Novice: 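One structure, as structure tokens, below. Some questions next.
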Amino acid sequence: MADLALAGLRWAASPIVNELLTKASAYLSVDMVREIQRLEATVLPQFELVIQAAQKSPHRGILEAWLRRLKEAYYDAEDLLDEHEYNVLEGKAKSGKSLLLGEHGSSSTATTVMKPFHAAMSRARNLLPQNRRLISKMNELKAILTEAQQLRDLLGLPHGNTVEWPAAAPTSVPTTTSLPTSKVFGRDRDRDRIVDFLLGKTTTAEASSAKYSGLAIVGLGGMGKSTLAQYVYNDKRIEECFDIRMWVCISRKLDVHRHTREIIESAKKGECPRVDNLDTLQCKLRDILQESQKFLLVLDDVWFEKSHNETEWELFLAPLVSKQSGSKVLVTSRSKTLPAAICCEQEHVIHLENMDDTEFLALFKHHAFSGAEIKDQLLRTKLEDTAEEIAKRLGQCPLAAKVLGSRLCRKKDIAEWKAALKLGDLSDPFTSLLWSYEKLEPRLQRCFLYCSLFPKGHRYDPNQLVHLWVAEGFVGSCNLSRRTLEEAGMDYFNDMVSGSFFQWYGRYYVMHDILHDFAESLSREDCFRLKDDNVTEIPCTVRHLSVHVQSMQKHKQIICKLYHLRTIICIDPLMDGPSDIFDGMLRNQRKLRVLSLSFYNSKNLPESIGELKHLRYLNLIRTLVSELPTSLCTLYHLQLLWLNHMVENLPDKLCNLRKLRHLGAYSCYAYDFVDEKPICQILNIGKLTSLQHIYVFSVQKKQGYELRQLKDLNELGGSLKVKNLENVIGKDEAVESKLYLKSRLKELAFEWSSENGMDAMDILEGLRPPPQLSKLTIKGYRSDTYPGWLLERSYFENLESFELSNCSLLEGLPPDTELLRNCSRLRINFVPNLKELSNLPAGLTDLSIDWCPLLMFITNNELGQHDLRENIITKADDLASKLALMWEVDSGKEVRSVLSKDYSSLKQLMTLMIDDDMSKHLQIIETGLEEGDKVWMKENIIKAWLFCHEQRIRFTYGRAMELQVVLPLGLCKLSLSSCNIIDEALAICLEGLTSLATLELEYDMALITLPSEEVFQHLTKLDMLVVSGCLCLKSLGGLRAAPSLSSFYCWECPSLELARGAELMPLNLARELNILGCILAADSFINGLPHLKHLSIDVCRSSPSLSIGHLTSLESLRLNGLPDLYFVEGLSSLHLKHLRLVDVANLTAKCISQFRVQESLTVSSSVLLNHMLMAEGFTAPPNLTLPACKEPSVSFEEPANLSSVKCLNFSFCEMESLPRNLKSLSSLESLSIGYCRNIASLPDLPSSLQRISISGCPVLKKNCQEPDGESWPKISHLRWKRID
């Protein structure tokens, strides 16, 4: 087995070199090809023996030097071959020719058929000037390989011995299920000991001297400290004792800011909003913990030496407080020296002892014998005997057992296992890691070493990592199969996961610190992390660089010397502008293949980007770049181009990038992808035959944008939306797109945007999709007939989701239910002629029906209840007065919105009723809605709608037969909107839906009361209920009996009786109550909802006073559009974190002065805000927002009370300027201005400001443009800027 120095170089003499020779053979003379192939065939297969022999000989240094020369020659030859291929691609782009068969997908390697032709032609081409350097380098490579024969003879090795290179084992572990084993061996006693301490009573001394007490698990690396801590953390006794549990991995160096943020994320089980100010973060953490009774914080992998800074740890742990004593901090560390702030006494340090021999053997065998069962009992016995011998030599190191066992389980061969016994000191984790590393296929070795570019504790995303590996050329071509390079790369990743090189950690993968150290030790010559401004030298051999510092400009001198650099990945944003980066530093880095940038001080990408001819990967997501140079179209090797969502135009010749595999635009929040955005259309996109994903394809009639552009894009995978199908000129063009050949597609959406164009059924018939689809959406389809392929019962192999939207002529689902046999999600939206819903797929879990007004559900009982029908009609006057009352709140905006949606339903219903009077009243409604908010129209619209509604009720109750729907019992989500369902029919629908978690009932004008307690009692998993636009709903029925409801949204239900409303809702309603467009009483929130955390009241009528003092758990309060409200009672008993007051103009000054808020305040009036600021004891929270402020000017009268504000936001304001005394906000770090169109310039800004965002402000945007904008000097120094 090689040592670390040799192992890091080992891949250079692997069959990877053979692949390079295969590529180059197209450009070399036949004689040279044969000679190099002979050397490759005789030298490289014996290389393993050469290494083993050299280790024990005085010639080891010669071998190392030879390997380095071979690696450098390989890199140089690869670069020269790359340049040659670039020239070929450039010539084809200029001539308009396509890539040769066999070239697209990975490289321009000639196919087997073409090789003899290339070899014969190459003799003549060898004389070309551009080939001479390549030939010279291949001669050098040939000479180095020849030296290997001398080295072999020097070591006295026989010529016949060979050792096969390890082949990449096919992985059987899919990414989605590659979880680390939950089985823990030999630590039950340690776990119980720790649990007993954590659950033990806190002594008086501890309670008086500390907010928490600490316990430490100490042991060598790889001993299982983290596994034991996780075992404890997930113990049921711990879960029951501590109401907040947090887990953070420190990993070497404490970063107070980052690790505080991670604690918050762990406590809240979600992402923490990005806040740069540490004080804000710590206050937030303190507030979270103060709400807890007791917390447990696990700090995994703490490194602390006596020379380290105690103050940092004191600052880090300062927010750790809770209501009761007994909170604990559990630490894992390799050292017993711990920060004093952890409050860990020496008797509370547990030194992790070796496992019992039997348990350790069980651990090793658990990993070594995983996978397929060994049916040969004799082999099993031999392997078990060998396993015992190996386990004895592993020095009781669990990590070594796991890694070595995971590797051995791949090859249950006695010779392989015996070979493991011959390794050196197996008790050293690096020994077993090195052995497992050497068993990896050479390509996987390079991929593993590359991961050292990222910092310890990095959250690895497999897809992003694979894209990088592919761009670097680490992933072997898959020409013999239909598999993509990305699929092969994912196999590599899964192979390493199953070999325990990565571990699944909730939402991402991590690498154990020891493995990261190991990767670093092997990759020092090739990979470097620039993380310190004090760095004065980077090895000249480095080819892959990750940047953590604020400015590369400071390191210009050393970066410019890295002539062979292939990779620059910016981990954090740079203060450097693109001209500094490209013209100042990258002019010498012409061999770059990967460039991932992050900067926020320019929208332009320099033309000089076109000089990076080797570039394969360009990531601009975390930049402001919105304008792309034409030179981008000369990056013929480019495989991946990721842009930010602000790019509006793409260069015309982007279609020349024939190797482009991935193209997308993304919006980015902090450091994570948030969402993919549509990208502008690409002229002649059909030439990009390697493209694997298009977010949206919009058909145009212009040349270069037709549907036929999709014809040859057979590598497309994932999801595809094809829009504007009305522009397709006929069925032939649809057929020509050959969608059925795109077998990698999983989701497909067809969309018509207008009724113009050719016959929709013919077009859809020609758009026959691939049978492998899992999701199909059809939108805007104008035909009453389905295409033939939707009538074939077995066409789809596994269609899981089917959606119809705006299909105005269809009357039902496809008739053959077998077609949707595997469907779990069905959405029917705006299918106005749908009259019945029969034969729903039995496996359905998500059903959504919206705007199907002819779909009615009524029981026989209800058909005979004429008295109920007449009772509904006679109470029309009461409903009219309530609608008129709600109209006054916002000039009818919300009421008109509901009536407008219902108008469409009534109009469709009229096709069945044929009533002239109803037609006249519908015309009145239509005219009134078009007139807008004119007061005189209110009465006419309401009166006309009530008449139409009465006719609907008579029609519904006058049906000749009952209409019911039988819903699949496995439903988890049900949404019914704009279809008529009567009370009893709804109750019957919901019977037996014990898995239902979400129920949405919207725009059902026939609904009077919700189901009874008996129905709700059986909905044991119902978590969220939405009732919206049900104008006639009067009662919540038995809602109070819903056992698991945590969120209730009640919108636009003006008839609903909400006096003492809280008593009508479940006591355990805890997450959110959101009420909009209803009528509230003074006692609506009295006596009930003790656990409610979020209350929103929008656009409601109310009594002058509302009492919310009983909502003792309330954290967030939103009051918006309440013209009747003058006072809110019970504020003194609340501890609000978030408060929003918008359009509550009548709140009294006395009421305003009583508000206290900890985290965020939103107010729409500067007058109201200044009332708050002047109130005694009021301090503004860190986050302050002024939305829709109508005052022409705003000033802060008491800026001293705003000293704690960190983030300030203005949105949709009419003011002409920002407050002049903005500079006095001494702690302000983030300023956001959105859609404030009257603001023209920025005032003087505080020196504390770190980031600014400006959007939808055209005048201000121009004023802030670099370099001549008047306000540009005020923001040019900021690291984070967003101006669009």
Side-chain angles (χ1 to χ4, degrees), residues 482 484 661-664 675-679 681-682 685-686 688-689 691-700 705-728 731 733-753 757 760-783 786-807 810 813-814 816 819-831 841 846 848:
R482 279 278 297 142
T484 65
R661 307 166 69 83
H662 303 278
L663 172 65
D675 197 17
E676 185 174 5
K677 302 294 182 182
I679 199 166
Q681 288 299 100
I682 302 170
I685 194 173
L688 301 180
T689 54
L691 208 57
Q692 295 186 14
H693 175 62
I694 305 174
Y695 185 68
V696 175
F697 181 82
S698 296
V699 182
Q700 299 179 35
Y705 299 97
E706 313 94 331
L707 181 63
R708 64 173 59 92
Q709 291 291 327
L710 297 177
K711 175 183 176 181
D712 295 321
L713 303 187
N714 292 330
E715 299 301 312
L716 288 179
S719 62
L720 171 64
K721 180 190 289 187
V722 185
K723 294 179 62 177
N724 301 326
L725 285 168
E726 67 277 5
N727 290 326
V728 180
K731 181 179 178 180
E733 185 184 355
V735 172
E736 194 178 351
S737 67
K738 295 186 177 180
L739 290 179
Y740 60 91
L741 292 178
K742 296 160 186 32
S743 58
R744 299 188 190 282
L745 279 176
K746 298 302 177 189
E747 300 181 5
L748 188 56
F750 298 127
E751 184 174 327
W752 283 259
S753 301
M761 203 277 283
D762 276 350
I763 301 301
L764 193 56
E765 183 70 67
L767 291 173
R768 176 180 290 260
Q772 299 86 358
L773 275 189
S774 61
K775 179 180 180 181
L776 175 64
T777 300
I778 301 174
K779 185 175 182 180
Y781 179 58
R782 301 288 191 272
S783 175
Y786 284 104
W789 51 268
L790 269 174
L791 302 176
E792 297 176 27
R793 65 183 318 177
S794 300
Y795 184 75
F796 291 111
E797 297 172 1
N798 189 31
L799 189 68
E800 298 173 2
S801 176
F802 183 57
E803 181 173 345
L804 294 174
S805 179
N806 192 19
C807 299
L810 290 175
L813 293 172
D816 196 330
L819 181 77
L820 304 178
R821 63 193 178 279
N822 296 314
C823 200
S824 60
R825 181 178 179 270
L826 176 62
R827 294 188 173 249
I828 304 172
N829 173 42
F830 200 86
V831 185
D846 183 349
S848 176

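Computed from a prediction, not measured in an experiment: that's the story for all the values here.
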Novice: When rounded to the nearest 0.5 angstrom, what is the spacing between CG in Leu819 and OG in Ser794?
Specialist: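 If we round to the nearest 0.5 Å, Leu819:CG and Ser794:OG are 8.5 Å apart.
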
Novice: Going by the angle between their ring planes, with limits at 30° and 60°, are Trp789 and Phe750 parallel, tilted or perpendicular?
Specialist: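 Rings of Trp789 and Phe750: perpendicular, over 60°.
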
Novice: Nearest 0.5 Å, please: how far is CG in Leu739 from CG in Leu707?
Specialist: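 Taking CG in Leu707 and CG in Leu739, the distance rounds to 6.5 Å.
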
Novice: Got Leu826 and Leu813 here, is their nearest side-chain heavy-atom distance under 4.5 Å?
Specialist: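 Yes; the side chains approach each other to less than 4.5 Å.
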
Novice: What heavy-atom pair brings Val699 and Asn727 nearest, and what distance separates the two atoms?
Specialist: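 Here Val699 and Asn727 meet closest at O-ND2, 2.9 Å.
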
Novice: Does a donor on one side chain sit under 3.5 Å from an acceptor on the other, for Asn724 and Ser753?
Specialist: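 Indeed, the side chains of Asn724 and Ser753 share at least one donor-acceptor pair under 3.5 Å.
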
Novice: Minimum heavy-atom separation for Leu720 and Ile694, please, with both atom names.
Specialist: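 Smallest heavy-atom distance, with atoms named: CD1-O, 3.7 Å.
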
Novice: About how many Å separate OG of Ser719 and CG of Leu745, when rounded to the nearest 0.5 Å?
Specialist: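 With rounding to 0.5 Å, CG (Leu745) is 8.5 Å from OG (Ser719).
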
Novice: For Lys738, is the NZ atom crowded, meaning more than 12 foreign heavy atoms sit under 6.0 Å from it?
Specialist: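 Open: at most 12 neighbouring heavy atoms sit under 6.0 Å from NZ of Lys738.
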
Novice: What pair of heavy atoms forms the shortest contact from Arg708 to Glu733, and how long is it?
Specialist: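 Looks like N-OE2, 3.6 Å.
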
Novice: If you compare all heavy atoms of Tyr786 against all heavy atoms of Met761, which two are closest, and at what distance to 0.1 Å?
Specialist: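 For Tyr786 and Met761, the tightest heavy-atom pair comes out as O-SD, 4.2 Å.
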
Novice: Specify the closest pair of heavy atoms between Ser743 and Pro770, including all atoms of both residues, with the distance to one decimal.
Specialist: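 So the minimum-distance heavy-atom pair works out to CA-CB, 4.2 Å.
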
Novice: Between CZ of Arg821 and CZ of Phe796, what distance do you get to the nearest 0.5 Å?
Specialist: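 The CZ atom of Phe796 is 10.0 Å from CZ of Arg821, to the nearest 0.5 Å.
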
Novice: To the nearest 0.5 Å, how far apart are CD1 in Ile682 and CZ in Phe697?
Specialist: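 Atom-to-atom, Ile682:CD1 and Phe697:CZ are 10.0 Å apart.
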
Novice: Could you go through the salt bridge (Lys or Arg N to Asp or Glu O under 4.0 Å) check for Asp816 and Arg793 one step at a time?
Specialist: CA-CA 6 Å; Asp816 196 330; Arg793 65 183 318 177; 3.4 Å; yes

Novice: Between Glu715 and Thr484, is there a side-chain heavy-atom distance shorter than 4.5 Å?
Specialist: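 Yes - at least one pair of side-chain heavy atoms lies under 4.5 Å apart.
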
Novice: Which value, rounded to the nearest 0.5 Å, describes the distance between Glu800 atom CD and Leu776 atom CG?
Specialist: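 If I round to the nearest 0.5 Å, the distance is 13.0 Å.
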
Novice: When you look at NZ of Lys779, are more than 12 heavy atoms from neighbouring residues, nucleotides or ligands closer to it than 6.0 Å?
Specialist: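 No - once you tally the heavy atoms of other residues, nucleotides and ligands closer than 6.0 Å, there are 12 at most.
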
